[in-house]
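Below is one structure, written out as structure tokens, with a few remarks after it.
Count residues from 1 along the sequence.
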Amino acid sequence: MCEYVQNSGFGPRIISSEASDLWNSNWFWTNQFMLEVIFHDRMKKYKCLTNDSLVASAIFVPYYAGLDLRRYLWGFNTSMRDSSGFDLINWLKQKPQWKTMWGKDHFLVSSRIARDFRRKSDRKSDWGSNFRFLPESKNLSMLTIESGPWENDIAVPYPTSFHPSSDDQVLQWQNLMRTQNRPYLFSFAGASRTRQKNSTRKEIIRHCQSSNKLCKLLDCNSVGHECDDPLKLMNLFRSSIFCLQPPGDSLTRRSTFDSILAGCIPVFFHPGSAYTQYLWYLPKNYSNYSVFISATDLKLGKVRIEEKLVTVSKDEVASMREEVIRLIPRIIYGDRRSGVESVEDDAFDLAIKGVLKRVDRLRGSDL
């Protein structure tokens with residue numbers, strides 16, 4: 001992971017002789033597990049920081065929960081996986097700030113899904129840590145790339161590779177996405193997940209391959225695939241009208257935000273992939289920016305992807321694409337390293353505003 005820590009967690013800068021200046025100045029090889037580093041760096045530059053916890057509306061805990069857990073996920077017993085989280089909670093609850101609201105005004109960020117911190121037993125074979133099951137941890141709010149049914153976990157966007165440093169750069173990118181030629185009706189970038197029974201992805205790949213060139217497939221199982229290359233992914237998505245976003249190892253995917261960034265209308269197969277997740281970021285009326293196809297209907301042969309998408313009118317496509325492009329500023333993490341306030345109301349800004357409203361509500365309920 002070390003190479004991805006550079007540039008405040010954005011990773012190495014992308015330099016391509018084939019790309020325009022817009023690509024070369026704002027694009028990075030960003031790893032999704034760097035969200036904790038990216039968020040911490042942005043927090044250090046946040047304009048409303050205070051050193052006086054007595055006047056603070058909320059308290060940020062710069063604990064890299066996901067990166068810490070990653071070191072011990074494979075080959076270590078549960079005690080090792082749990083130790084850092086246990087130590088953190090014991091340290092926090094001894095601080096005077098904790099006693100103000102017993103941790104309800106504290107929040108942290110995780111670059112892993114919420115389920116990774118909710119192991120239910122101490123069997124070594126069970127996945128993850130028990131961090132979020134610790135009694136005091138339940139009071140903390142955790143911003144995470146994928147939440148679950150727990151009220152104290154809030155989903156925020158996966159980091160993409162686009163980190164603009166000004167609103168003008170965002171506008172340039174949005175305008176570029178409005179003028180793209182999109183020869184493919186739909187596309188899919190991903191692997192089949194052969195170990196999963198009744199995999200939705202298997203059906204999607206089959207539909208794509210039999211679509212008579214309506215679909216473009218980037219098979220991440222193939223030898224020499226380029227699924228980790230941001231330029232290749234963007235070229236695929238910005239050549240497509242619709243981008244298929246089925247569940248993978250979990251319900252959500254970074255690819256959802258890559259497709260939004262490319263002005264490609266996402267197609268979901270499970271409500272938990274977006275609709276019940278990113279409530280601070282995406283419109284409540286999901287039909288304004290996406291298409292939903294039931295995974296069950298797909299597997300039973302009741303719906304064909306190309307037939308469903310062909311029925312969407314040109315006017316509907318234009319309206320949905322414009323809504324997707326308008327979402328771009330909300331789902332990116334801007335580059336504030338120059339110290340200049342820019343890219344207002346990006347993913348970081350909306351997360352902080354959401355946290356402050358949440359803490360204010362919890363504070364009121366405790367009175």
Item to check | Rounded distance [0.5 Å steps], CG in L108 versus CG in L92 | outcome: 8.5 Å

Checklist entry - Just by distance, with hydrogens left out, do R358 and S141 show a side-chain donor and acceptor under 3.5 Å apart? => result yes

Item to check | Modelled atom types, side-chain donor and acceptor of R182 and S239, under 3.5 Å | outcome: no

Checklist entry - Can you list the steps and then say if Y289 with M320 is a side-chain contact (heavy atoms from CB on, under 4.5 Å)? => result CA-CA 5 Å; Y289 72 94; M320 293 165 73; 5.8 Å; no

Item to check | Salt-bridge present (R118, D153; N to O < 4.0 Å) | outcome: yes

Checklist entry - Aromatic rings F39 and F348: how do their planes relate, parallel, tilted or perpendicular, breaks at 30° and 60°? => result tilted

Checklist entry - Just how far is it from atom CG of D105 to atom CG of L356, taken to the nearest 0.5 Å? => result 11.0 Å

Checklist entry - Under the side-chain contact (heavy atoms from CB on, under 4.5 Å) criterion, do Y158 and R253 qualify, and how do the steps go? => result CA-CA 8 Å; Y158 285 71; R253 312 177 71 205; 5.7 Å; no

Checklist entry - Measuring from I113:CD1 to D116:CG, what's the distance to the nearest 0.5 Å? => result 4.5 Å

Checklist outcome for this item: D41 meets the side chain to side chain contact (heavy atoms under 4.5 Å, CB included) criterion, sequence neighbours left out, with S8, K44, K45, R337

Item to check | NZ (K99) with more than 12 external heavy atoms under 6.0 Å | outcome: yes

Checklist entry - Do the side chains of L73 and F33 join up, straight or via other hydrophobic residues, at under 4.5 Å, putting them in one cluster? => result no

Checklist entry - Under the ring-ring contact (aromatic ring centres under 6.0 Å, His included) criterion, do Y4 and W29 qualify, and how do the steps go? => result CA-CA 7 Å; Y4 297 110; W29 294 89; 8.5 Å; no

Checklist entry - Passes salt bridge (charged side-chain N to carboxylate O under 4.0 Å, His left out), E203 versus K299? Steps please. => result CA-CA 7 Å; E203 284 299 310; K299 294 170 189 175; over 6 Å; no

Checklist entry - So does D126 pair up with R123, basic N to acidic O under 4.0 Å? => result yes

Checklist entry - Going through the distances and angles, do H163 and T30 end up as a side-chain hydrogen bond (donor to acceptor under 3.5 Å, both in side chains)? => result CA-CA 9 Å; H163 305 288; T30 303; 2.9 Å; yes

Next on the checklist: Within a 6.0 Å radius of atom NZ on K93, are there more than 12 heavy atoms belonging to other residues, nucleotides or ligands?
Outcome noted: yes

Checklist entry - S294 side chain to D297 main-chain N or O, any donor-acceptor pair under 3.5 Å? => result yes

Item to check | Trace of the ring-ring contact (aromatic ring centres under 6.0 Å, His included) decision for W91 with W98 | outcome: CA-CA 10 Å; W91 181 81; W98 183 265; over 10 Å; no

Sequence neighbours excluded and cut-off under 3.5 Å, please list the side-chain donor-acceptor pairs for residues 52-59, or say none.
residue: D52; atom: OD1; partner: L54; partner atom: N; Å: 3.0

Next on the checklist: Starting from W150 and following side-chain heavy-atom contacts under 4.5 Å between hydrophobic residues (I, L, V, M, F, W, Y), which residues can be reached?
Outcome noted: none

Checklist entry - Has the side chain of R201 got a donor or acceptor atom that lies under 3.5 Å from a matching backbone atom of A191? => result yes

Checklist entry - Between F292 and Y286, how do the two ring planes meet: parallel, tilted or perpendicular, split at 30° and 60°? => result perpendicular

Checklist entry - If every non-hydrogen atom of S273 is compared with every non-hydrogen atom of L251, which pair is closest and at what distance? => result OG-O, 2.7 Å

Next on the checklist: Quick check for you: to the nearest 0.5 Å, what is the distance between Q32 atom CD and R112 atom CZ?
Outcome noted: 8.5 Å

Item to check | Donor-acceptor contact below 3.5 Å, side chain E36 vs main chain S111 | outcome: yes

Checklist outcome for this item: Shortest non-hydrogen pair, W74 vs R70, comes out as CZ3-O, 3.8 Å

Next on the checklist: With heavy-atom distances below 4.5 Å as the criterion, would you say the side chains of M34 and V5 are in contact?
Outcome noted: yes

Item to check | ILVMFWY network linking V267 to V310, side-chain heavy atoms under 4.5 angstrom | outcome: yes

Item to check | Closest non-hydrogen atom pair, L327 against P283 | outcome: CD2-CD, 3.8 Å

Checklist entry - When you look at H270 and Y275, which way does the ring-ring contact (aromatic ring centres under 6.0 Å, His included) test go after all the steps? => result CA-CA 9 Å; H270 192 291; Y275 307 148; 9.7 Å; no

Next on the checklist: What I'd like to find out is whether the side chain of Y184 reaches to under 4.5 Å of the side chain of C215, using heavy atoms alone.
Outcome noted: no

Next on the checklist: Can you confirm whether the side chains of S313 and E316 place a donor and an acceptor under 3.5 Å from each other?
Outcome noted: yes

Item to check | Parallel, tilted or perpendicular: rings of F28 and F10 (30°, 60°) | outcome: tilted

Checklist entry - Side chains of S259 and R254: is there a donor and an acceptor less than 3.5 Å apart? => result no

Item to check | Minimum heavy-atom distance between L35 and S110, given as atom pair plus value | outcome: CD2-O, 4.0 Å

Checklist entry - How far apart are the C-alpha atoms of F186 and I241, what are their side-chain angles, what is the distance that settles it, and do they pass the side-chain contact (heavy atoms from CB on, under 4.5 Å) test? => result CA-CA 6 Å; F186 61 106; I241 298 173; over 6 Å; no

Checklist entry - For D349 and K47, what are the C-alpha separation, side-chain angles and deciding distance, and is it a salt bridge (charged side-chain N to carboxylate O under 4.0 Å, His left out)? => result CA-CA 11 Å; D349 293 320; K47 61 184 177 182; over 6 Å; no

Next on the checklist: Does F237 form a side-chain contact (heavy atoms from CB on, under 4.5 Å) with S255? I'd like the steps, not just the answer.
Outcome noted: CA-CA 10 Å; F237 292 158; S255 178; 3.4 Å; yes

Checklist entry - Measuring from K138:NZ to F131:CZ, what's the distance to the nearest 0.5 Å? => result 13.0 Å

Item to check | Salt bridge present between R178 and E322 (N-O < 4.0 angstrom) | outcome: yes

Checklist entry - Can you name the nearest heavy-atom pair linking I260 to I328, along with the distance? => result O-CG1, 3.5 Å

Checklist entry - At what distance, to the nearest 0.5 angstrom, does CD of Q245 lie from OG1 of T256? => result 4.0 Å

Checklist outcome for this item: Between S165 and Q169 the two heavy atoms that sit nearest each other are N-OE1, 2.7 Å

Checklist entry - Angle class for the F60/F107 ring planes (parallel below 30°, perpendicular above 60°, tilted otherwise)? => result tilted

Checklist entry - Just checking, any donor-acceptor pair under 3.5 angstrom between side chains of D68 and Y63? => result yes

Checklist entry - How far apart are the C-alpha atoms of E151 and R361, what are their side-chain angles, what is the distance that settles it, and do they pass the salt bridge (charged side-chain N to carboxylate O under 4.0 Å, His left out) test? => result CA-CA 13 Å; E151 196 269 340; R361 175 175 58 80; 3.3 Å; yes

Next on the checklist: Quick check on the hydrophobic clustering: are V109 and Y46 connected, directly or via other members, by side-chain heavy-atom contacts under 4.5 Å?
Outcome noted: yes

Item to check | Pairing of D258 and R238 as salt bridge, 4.0 angstrom limit | outcome: no

Item to check | Lys/Arg cation over aromatic F133: R119, 6.0 Å, 45° cone | outcome: no

